[in-house]
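Atoms within a ligand are numbered from 1 in the order they appear, just like the ligands themselves.
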Amino acid sequence: MLTIGTHMSIAEGIAKTAQNVVKMEANTMQIFSRNPRGSGYKTYSDTEVEKFQKIRRENQFGPLLAHAPYTMNLASGKAETYEFACTVMREDLARMDALGIENLVFHPGSHTGIGVDAGIKNIIAGLDQAITGRENITVLLETMSGKGTEIGASFEELKAIRGGVKHPEKIAICLDTCHVFAAGYDIVHDLEGVLGEFDRILGLSLLRAVHFNDSMMPFGSRKDRHAPVGKGEIGMDALLRVMRHPVLENLPFYLETPFDEEGHKAEIQMIREKLRADV
Ligand code: FE
Ligand code: FE
Ligand code: ZN
């Protein structure tokens with residue numbers, strides 16, 4: 001069965017958000033682990049959390065995904081930025097684990113001039129101060145487009161991060177279709193080749209989630225602009241091949257496309273119809 005959802009705002013609380021997922025005829029969701037552009041977070045009452053758990057259980061949600069804020073840069077060489085990132089990673093890992101969220105995804109970070117190796121060192125130390133090894137939650141490194149000084153646009157860099165931490169068993173990968181395409185992995189003409197390379201470098205068993213986006217920017221542009229599914233440079237056919245691929249079809253797919261909830265509901269419906277139609 002297809003596991004599909006979208007990025008959801010949790011402004012109305014986590015129970016109401018889960019209810020909105022059901023209304024959208026989706027069966028999973030991605031939420032921010034805290035305010036994506038600031039630093040604050042809300043704590044939920046026990047009743048609210050119970051209600052949330054009941055909704056996801058009764059509607060058989062697939063794995064849920066929390067996304068760390070964009071302001072968190074674990075690769076930073078600036079003390080203040082780095083301290084903040086470490087605190088957020090530590091707190092949100094514990095908070096999302098306590099909520100029973102299966103995966104926490106984050107952008108590895110931008111080295112902003114200190115170099116890839118120093119950036120990766122910082123990321124590893126940041127993960128090590130947060131992960132105890134006793135969590136149920138898995139931390140996912142997101143494949144990035146490579147804009148600016150972003151780390152994680154190559155499978156090798158993701159491998160270097162995972163290979164350096166104390167608890168690699170708690171680290172896996174979230175593949176963003178828009179980002180890998182922009183980074184120069186040709187999922188349009190050579191999906192097999194890209195998955196083969198992923199398998200050689202990281203191992204396909206580490207793939208736990210897919211950010212399912214089209215790209216406004218061309219192949220290899222190293223620019224990160226999401227387009228609605230089928231409306232970008234990747235296109236409908238290539239995205240459907242991703243969704244149907246035997247090694248990917250059982251993963252949860254999360255749309256991060258520029259729509260509100262009504263628009264996302266229609267987009268999910270369209271995807272389901274296309275999947276059913278042309279086999
Ligand atoms: Fe992301
Ligand atoms: Fe993404
Ligand atoms: Zn993106």
H7 side, atom NE2; F32 side, atom CZ - distance, nearest 0.5 Å: 4.0 Å
Tell me whether H226 has at least one N, O or S atom under 2.8 Å from the Zn ion (ligand 3). yes
Quick one: are M1 and E249 in side-chain contact, heavy atoms under 4.5 Å? no
Provide the atom name of the closest N, O or S atom of H107 relative to the Fe ion (ligand 1). NE2
Are I131 and V165 packed together at the side-chain level, in the sense that at least one heavy-atom pair is separated by less than 4.5 angstrom? no
At less than 2.8 Å, would any N/O/S atom of H211, backbone or side chain, sit next to the Zn ion (ligand 3)? no
So, D224 and the Zn ion (ligand 3): N/O/S under 2.8 Å, yes or no? yes
Taking the side chain as every heavy atom from C-beta outward, state whether Q30 and M8 have any atom pair closer than 4.5 Å. no
For residues E91 and Y41, determine if any side-chain heavy atom of one lies less than 4.5 Å from a side-chain heavy atom of the other. yes
Do H107 and Y70 have their ring centres less than 6.0 Å from each other? yes
Shortest-distance N, O or S atom of H179 relative to the Zn ion (ligand 3): NE2
Spell out the protein N/O/S atoms under 2.8 Å from the Fe ion (ligand 2) as residue plus atom name. E142 OE2, D176 OD2, H211 ND1, E256 OE1
Between the side chains of E192 and H245, does any donor sit under 3.5 Å from an acceptor? yes
Between D224 and H179, does any side-chain donor sit less than 3.5 Å from a side-chain acceptor? yes
